[in-house]
Amino acid sequence: MALVAASTGGSAWIMKDIINRIFIEREEAMVWLIAGAVVSIYTIKGLSSYGQEVILTRIGNAIIASLQRRIYDRLLGQTLDFYQRYAFGDLATRMSYNAQAARSVIDLVMTSLGRDLMSVVALTAVMVAQDPLMSLLVLVIMPGAVIGVATLVKRVKLVMKAELLSIAKIVSTLQETATGIRIVKAFNLESHMREIMAQSIRDVETRSNKIAVTSAMTGPLMETLGGFAVAAVIVYGGWNVISRGADAGGFFSFITALLMAYEPAKRLARLNVQLHTNIVGVASLYDLLDHPIRTVEAPDAVDLVVTKGEVRLDNVAFAYGATPALNGVTLDARPCAVTALVGPSGGGKSTVFSLIERFYDPVSGIVTIDGQDLRHVSFESLRRNIALVTQDTFLFDGTIRENIAYGKPGAAEDEIVEAARNANAHEFITELPGGYETRVGEGGGHLSGGQRQRIAIARAMLRDAPILLLDEPTSALDAESESKVQEALDRLMVHRTTVVIAHRLSTVRNADRIYVMERGKVLQSGSHAELIAAGGLYAHLHVLQFRGPAEKQLAVAL
Ligand code: ADP
């Protein structure tokens, strides 16, 4: 950058000799000498511009890459509530579009403050050396331009912030359309979605136009002021040369420097506007980087040692926001037994799972596994010992084999097949055209609900963790899939501590202990027979909720 600036100054400086020695004094030998000097100056300028650009771009790329890695690390560390707060579109925009804003800031700061500022300084030095009085004249006009530009900055900043929000909205709507396309079509929501999208697109369009209008204004502003400056210099300089016999070469060198300074000076004047446009984006990146992580690993965390696999919640309270989700819950899941959680939706059953996985820390009370407080154990060891099977089975976009192998990284082929067999999945997998190498599609879209479930169970089988958290699939499956899934689950539960959010009558009947939860409290606990005998919520739910086909027929008959 220094070389670029110096050669720029040099090319203005040499004008003096070009005019004086070649055109006025007509020295023939100087023609070659000066031509040679001009070639050297421009070669140096070209090479150094090239070097500067390459180095700068590499630095920029390295900074973006490290920012993206840091942000993704941070996102992985966040608790689940973070993902409910930030829509996918918002995160995607911040990570891609706004990372580009960071690179623009780097480019702007480095190029403008480095090359342009140095060039302006070098050219100003040439001007001052050639004619100090005229330089003063020019410098008086400059501050006017700066003040004009500064007033535009604030407006651009506000509009820019709004534009980023609209862009995030476009991405979110797009994602909603992609994931919810069945519902969109089935409920004829196309025109509704089109209207939402059109609104966001319109917003972005209007705001982009507004930004363009404001930031384009800086150009003409500088242009007009530049015209005045050049005119003033010509009037004064012309008079100086014509009437007072001043040095013509010096005047040309001055005016060359002035004209050459114009572009970099213009860029410098616009720097503020452009910086602010991009800094809004960068600020939202840092929002993510600085977002506090709610649940962090203790610095002296030790590995969880599971001997029996007893999970306990002791007088646990927890709240997502202001309203409590769990309120004094005490619960004991015994080794090699099935503990069922039942109760109306919103009762806090899923929250219990989240606390056992330590996705969150309790507000008060304590969660332990074999007597070890979860707050003192490492995340890795805790989650290695727990297998989670949820209703909304999530599969990664990859092959079936890969999806099962996530349960145990580096698992051997026969272990994977064994797990699939135990999960009642081997048969349907081998019937697929690609077998274990079949791609499941994004979110497992190429497979049926029951098939996805069985792959998830195979994953849990492979993990072979002593503690199993199971959110029972409800009516999402047809009868045949359900019985296959159920068989697989029964196999999975053997010799483990199983905590199950139960929806099926047979599960609760066979459970060793049932906890009935409502509004964040355990209302009743005991075996099926005990709870039926006691009456109350369980007996009531039993009639309402756990009516399998046989019970339903009975109810109809009655
Ligand atoms: P269940 O699994 O029994 O249906 P949950 O544990 O999901 O119940 O919910 C318990 C309570 O916590 C409910 O009142 C629910 O609205 C609230 N809740 C659950 N998840 C969140 C969340 N991520 N943010 C805010 N509130 C939540």
Side-chain angles (χ1 to χ4, degrees), residues 75-91 172 176 179 288 291-296 311-333 338-367 374 383 386-394 453 456 467-476 489 498-505 507-508 511 513-526 531 536-542 544-546:
L75 292 183
L76 281 179
Q78 289 292 356
T79 44
L80 308 188
D81 55 336
F82 174 88
Y83 288 90
Q84 275 146 5
R85 204 143 95 239
Y86 288 94
F88 167 78
D90 189 7
L91 294 179
S172 283
E176 254 174 29
T179 48
L288 289 190
H291 197 283
I293 293 181
R294 244 176 107 171
T295 312
V296 286
V311 182
R312 277 187 64 87
L313 272 72
D314 225 331
N315 202 13
V316 164
F318 178 76
Y320 292 95
T323 42
L326 291 186
N327 199 348
V329 169
T330 298
L331 191 150
D332 184 10
V338 176
T339 306
L341 307 180
V342 302
S345 131
K349 304 181 294 292
S350 312
T351 307
V352 168
F353 274 20
S354 292
L355 293 181
I356 296 174
E357 286 267 17
R358 203 180 166 217
F359 292 149
Y360 304 102
D361 279 331
V363 175
S364 65
I366 171 170
V367 186
L374 297 193
R383 290 166 191 168
I386 300 177
L388 175 71
V389 180
T390 54
Q391 280 189 27
D392 49 344
T393 315
F394 181 80
Q453 273 287 342
I467 297 158
L468 175 65
L469 302 182
L470 184 63
D471 193 352
E472 229 183 14
T474 42
S475 46
L489 286 176
T498 305
V499 187
V500 53
I501 297 179
H503 298 284
R504 299 169 73 255
L505 182 62
T507 311
V508 277
R513 195 176 191 139
I514 302 163
Y515 286 87
V516 186
M517 295 187 70
E518 191 185 40
R519 293 199 199 132
K521 286 201 160 102
V522 173
L523 295 190
Q524 295 177 294
S525 65
L531 289 173
L537 182 61
Y538 182 81
H540 179 65
L541 280 174
H542 176 240
L544 278 182
Q545 204 182 339
F546 304 121

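For clarity, every value in this text was computed on a predicted model and none was experimentally measured. In listed order, ligands and their atoms are each counted from 1. Just so you know, these numbers use all the heavy atoms, side chains as well, and skip hydrogens, waters and symmetry mates.
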Task: S350 N/O to ligand 1 N/O under 3.5 Å - done: yes
Open item on the list: Any nitrogen or oxygen of S345 lying under 3.5 Å from a nitrogen or oxygen in ligand 1? Just yes or no.
Closed with: no
Open item on the list: Once you restrict to heavy atoms under 4.0 Å, what part of Q84 touches ligand 1? Side chain, backbone, both or neither.
Closed with: side chain
- [ ] Give the numbers and elements of all ligand 1 atoms closer than 4.0 Å to a heavy atom of A325.
- [x] 11 (C), 12 (O)
- [ ] Provide, to 0.1 Å, the distance between atom 5 (P) of ligand 1 and the closest protein heavy atom, together with that atom's residue and name.
- [x] T351 OG1, 3.6 Å
Open item on the list: Could you identify the single nearest non-hydrogen protein atom to atom 25 (C) of ligand 1 and state the distance to 0.1 Å?
Closed with: Y320 CB, 3.2 Å
Task: Validation row: F82, L91 side chains within 4.5 angstrom (heavy atoms) - done: yes
TODO: Could you check whether the rings of F318 and Y320 sit parallel, tilted or perpendicular, using 30° and 60° as the cut-offs?
DONE: perpendicular
Validation: residues 513-523 side-chain donor-acceptor distances under 3.5 Å, sequence neighbours left out:
| unit_1 | atom_1 | unit_2 | atom_2 | d |
| --- | --- | --- | --- | --- |
| Y515 | OH | D332 | N | 3.0 |
| Y515 | OH | D332 | O | 3.4 |

Task: Pairwise side chain to side chain donor-acceptor pair (under 3.5 Å) hits with a residue in residues 338-347, at least two apart - done: none
TODO: Kindly say whether R358 contributes a backbone atom to a donor-acceptor pair with the side chain of R383 at under 3.5 angstrom?
DONE: yes
Open item on the list: Determine whether a donor-acceptor pair (N or O, by modelled atom type, separation under 3.5 Å) exists between the side chain of Y83 and the backbone of Q78.
Closed with: no
- [ ] Please check if a non-hydrogen protein atom sits closer than 4.0 Å to atom 16 (O) of ligand 1.
- [x] no
TODO: Nearest heavy atom to atom 4 (O) of ligand 1 wins, so pick from G347, G346, G348.
DONE: G346
